[in-house]
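Heavy-atom basis, side chains included; hydrogens, waters and symmetry copies ignored.
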Amino acid sequence: MRTAPLWMRCTSIAILTLLVGLLAGPGSVLADGPPPGVFRPGGTSPSVTVNVTSRQDGVWVRITSQQTVSGGTGSSETTGAAAPNEMASASSSGASTDAASGRTWSDWAGIHEITPDGHMIEIVPQVTPVADWPAPWDRAAAAQHPNESPYLLLVDGNYGGLVWMPPGAVHLGTPGTNQVAATTPTFDPRQVALDLLRHVALPDLQIEVNPSLGLSGMSSWFWVQGYDGNAFGDSVTLSGVTVSVRVVPIQYVWQFGDGTTLNSHSLGQPYPAESDIRHTYEYSSLRIPAGFPVELTVEFAAEYRVNGGAPQPLPSIQHAFTTSYRVQEAQSLLTEP
């Protein structure tokens, strides 16, 4: 089973949470105005604020979480960062906050924090086109941040709004404090490109034949309808870096269903032009009621570029397109002179 990419799963979470928010009442995201600056989901999830400060030495991201419980209010604040699988230093206060340190790390998928009391806070790239965003206030905010990239704020898997990041190295914590260990969340462009390649839409081509009903001993002409052989692809921009994928066909393998194969660089020419993809069947398809299984296997070469740079290779793609073709047999009839 093919797993959806991270950005698609995050976007689905965002859309589902917004729809639930329209029905849930108090404590939910309201449809008649932007959500508050502090995310307050239902249940026991904490409230989270994210402050982004742009400085000469990079972009500083400060995550503060607070949870109200019976008898007091607990809060924790990210004051440091570490590499994946390492612990980050953190300060905490309040009756409901564990004294043990949480964990904060960054990778190509964004910034992640597990608070001391076990909540997951994530800031991940938002790659869905602005026009498809469900919240009107988020679409309006996009016009106010023309040079910044949107990130989804997720709290325990719930959508908490958008965080806008200017380009540049990102550090976690508070500028000027000795407790802060800086890190630069990066992503692997090749992994992003492979994710794009897995989900790029292949052309919807159809195999056409003339004549529509074949005749043994007579040449049949084949061609492709719905695709002209041009390159196609997709792109995405994360943290000011654009990764683009380009896919182009390099070989066509025609199998005519009677054991005959033709390797070609042509998609044929549509009738009434004389196609260069042709085949003569020696016998009918009488024993195959649906007709001969005609198959066209297309091999696509793939590459990716980062910010329009030099192309880098990706694994090729092979995809088969099929149709059925009935062929009848020509028979001689004797007539009177």
Side-chain angles (χ1 to χ4, degrees), residues 2-11 14 52-61 84 106-112 122-133 138-139 141-152 162-171 182-205 226-252 265 267 298-319:
R2 182 174 296 175
T3 303
L6 177 61
W7 65 263
M8 185 179 294
R9 287 183 280 124
C10 293
T11 304
V52 180
T53 304
S54 181
R55 294 161 42 101
Q56 291 184 349
D57 56 351
V59 178
W60 290 83
V61 178
S106 59
D107 54 27
W108 70 270
I111 299 170
H112 318 272
E122 298 178 279
I123 302 175
V124 299
Q126 162 67 288
V127 297
T128 305
V130 175
D132 296 336
W133 291 1
D138 287 342
R139 295 196 299 270
Q144 303 173 6
H145 301 270
N147 298 319
E148 299 179 1
S149 299
Y151 283 69
L152 289 172
L162 291 176
V163 177
W164 294 90
M165 299 272 211
V170 176
H171 310 280
T183 185
T184 303
T186 60
F187 61 89
D188 184 350
R190 179 176 173 81
Q191 292 302 318
V192 175
L194 288 171
D195 193 50
L196 284 173
L197 183 61
R198 283 192 293 268
H199 296 86
V200 70
L202 296 178
D204 183 22
L205 62 84
Y227 178 56
D228 57 6
N230 286 334
F232 56 93
D234 200 358
S235 65
V236 65
T237 299
L238 302 174
S239 301
V241 177
T242 298
V243 178
S244 57
V245 169
R246 181 176 182 267
V247 181
V248 61
I250 56 175
Q251 181 176 248
Y252 308 106
H265 295 284
L267 291 171
V298 184
E299 182 178 0
F300 298 95
E303 64 183 27
Y304 74 99
R305 298 172 185 260
V306 180
N307 286 339
Q312 304 293 327
L314 290 172
S316 61
I317 303 173
Q318 287 190 347
H319 191 79

*Would you say Val306 and Thr242 make side-chain contact, with heavy atoms under 4.5 Å?*
no
_Any side-chain heavy-atom pair of Arg190 and Leu314 under 4.5 Å_ = yes
_Within the 4.5 Å heavy-atom criterion, are Glu148 and Met165 side-chain neighbours or not?_
no
*Taking the side chain as C-beta and beyond, is there a heavy-atom pair between His319 and Val298 under 4.5 Å?*
no
*Looking at side-chain heavy atoms only, is the closest gap between Glu303 and Pro313 below 4.5 Å?*
no
*What is the minimum heavy-atom distance between Ala142 and Trp164, and which atoms define it?*
CA-CH2, 3.5 Å
*On the 0 to 90° scale, with breaks at 30° and 60°, tag the Phe232-Tyr227 ring pair as parallel, tilted or perpendicular.*
perpendicular
_Within this structure, what is the CG-CG distance for the pair Leu267 and Asp228, rounded to the nearest 0.5 Å?_
8.5 Å
*Are Val247 and Val245 side-chain neighbours, meaning at least one heavy-atom pair lies under 4.5 Å?*
yes
*Would you give the length of the straight line joining atom OH of Tyr304 to atom CG of Leu196, rounded to the nearest 0.5 angstrom?*
12.0 Å
*asked:* Under a 3.5 Å distance rule, please check whether His265 uses its side chain to pair with a backbone N or O of Ile250 as donor and acceptor.
replied: yes
*asked:* For the backbone of Gly309 and the side chain of Asn307, can you confirm whether one donor and one acceptor N or O come within less than 3.5 Å of each other?
replied: no
_On a heavy-atom basis, which atom in Gly229 and which in Tyr252 lie closest, and how many Å separate them?_
CA-OH, 4.0 Å
*Can you find a pair of side-chain heavy atoms, one from Val61 and one from Ile123, that are under 4.5 Å apart?*
yes
*Could you state the interatomic distance from CZ (Arg305) to CZ (Arg246), rounded to the nearest 0.5 Å?*
7.5 Å
*asked:* Do Ser316 and Phe300 have side chains that approach each other closer than 4.5 Å (heavy atoms only, starting at C-beta)?
replied: no
*Compare every heavy atom of Pro189 with every heavy atom of Val243, then report the nearest pair and how far apart it is.*
CG1-O, 3.8 Å
*Roughly how far, to the nearest 0.5 Å, is the CD1 atom of Ile317 from the CG atom of Leu202?*
6.0 Å
